Protein chains: 2
Amino acid sequence: MKLSTRGRYAVMAMVDLAAHTEDGKPVSLADIAERQEISLSYLEQLFGKLRRGGIVKSVRGPGGGYVLGRAAGETRIADIVLAVDEPITATRCQLGTSVGCRGNRSRCATHDLWEELSHQIHLYLSSVSLADVVARRVLGAPGVARDAVGRVA
Amino acid sequence: MKLSTRGRYAVMAMVDLAAHTEDGKPVSLADIAERQEISLSYLEQLFGKLRRGGIVKSVRGPGGGYVLGRAAGETRIADIVLAVDEPITATRCQLGTSVGCRGNRSRCATHDLWEELSHQIHLYLSSVSLADVVARRVLGAPGVARDAVGRVA
DNA sequence: CGATATCCGACCAAAATAGTCAACCGCTCG
DNA sequence: CGAGCGGTTGACTATTTTGGTCGGATATCG
């Protein structure tokens, strides 16, 4: 599981798409680009990957655009991130891979840590659907209080 | 909370430091560099930040090196990552910031999502101590993170 | 003093990211 | 039917981040 701004852009765009879908009418990238202030050409890239990943369907011609591939409640955020962030660069002991940390002396003691962290992230992003974000229903994590960042020591 | 390979390098180095600490003897960066196959100069950068963050203490001169600032059981992985990854670029609606998503039309519906994800990551990395990684005690987190404190090497 | 090791800043090259451009193709509506 | 809308593609560029180097300064032990 890799986290980049690209993934965030993709989610922003998908939320916009889901929020502005009426019946089966496609939404054009130009509309999303304007509303979300993301460049149209960049969106084209992202939606190319989203389409290949089955997250959205495209409708060509006048009045065309993109439609959700599945219902907003069935599309999980993790799906979107995975579709645009794909292959993993496999440098050393990377977040999403099992390979990498070759068997040198200390045999990458941190491997399990990253593996588990990656799992945690995937778990969380799989627990939230597109519909949840549109409805601003994202907090629901059981029993976690405030405090996010902001310690300097 | 930002996740980069830099943070991973720092954790790898810290694990090595913790694992090779005997009594109060400092460990030299040259040793860590050789064992972990990380360039010495790069390690110097990282340990400069770790020292400023209070994670390690330095001992100069021959026979010098670095010593843990706190006991391995008291140093959480999140501390290490925060020390080296610090400032956050604040582009748009970033992972660790509350600022960014300016009040345009849809007011960044994804903001809460990233905020909460960041919190989840921080929560997990705070639940694991340096001693845990050295002892390869990192798995077994079913669902959400486990007990954050109460375990010492 | 001199070897050892941290400290510090400037500098650099490669990679990933964010964004652009231009040409193309299918579809629908006038 | 054909013009134009809007998706499709891929190559190309600029910026940022990353990982790493170099050279020197400073501290300290013997």
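Numbers restart at 1 for each chain; the letters A, B, ... are given by sequence-line order, proteins then strands. Quick caveat: nothing in here was measured; it's all calculated off a predicted structure.
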Length of the [atom1]-[atom2] vector between [X] and [N], whole Å:
| X | N | atom1 | atom2 | answer |
| --- | --- | --- | --- | --- |
| A/Asp31 | D/dC5 | CG | P | 14 Å |
| B/Lys57 | C/dC7 | NZ | P | 13 Å |
| A/Tyr9 | C/dT17 | OH | P | 13 Å |
| B/Leu46 | C/dT6 | CG | C1' | 14 Å |
| B/Ile38 | D/dG20 | CD1 | C1' | 12 Å |
| B/Leu43 | D/dT18 | CG | P | 17 Å |
| B/Tyr42 | C/dT6 | OH | P | 18 Å |

Exam field: side chain B/Thr110 to backbone B/Leu113, donor-acceptor pair closer than 3.5 Å:
no
Would you check if the side chain of A/Asp16 reaches a backbone N or O of A/Ala13 as a donor-acceptor pair within less than 3.5 Å?
no
Say whether B/Leu17 and B/Val67 are linked into one hydrophobic cluster, either directly or through other cluster members, by side-chain heavy-atom distances under 4.5 angstrom.
no
State plainly whether the residues B/Arg6 and B/Asp85 are in salt-bridge range, i.e. N to O under 4.0 Å.
yes
Hey, can you tell me if B/Tyr42 and B/Tyr9 have their rings parallel, tilted or perpendicular (30° and 60° cut-offs)?
perpendicular
Heavy-atom check, side chain of A/Leu117 versus side chain of A/Ile121, under 4.5 Å:
yes
Strictly under 4.0 angstrom, non-hydrogen atoms only: write out the protein contact profile of nucleotides 6-13 of chain D, one letter per nucleotide from the 5' end, B, S or -.
BBBB----
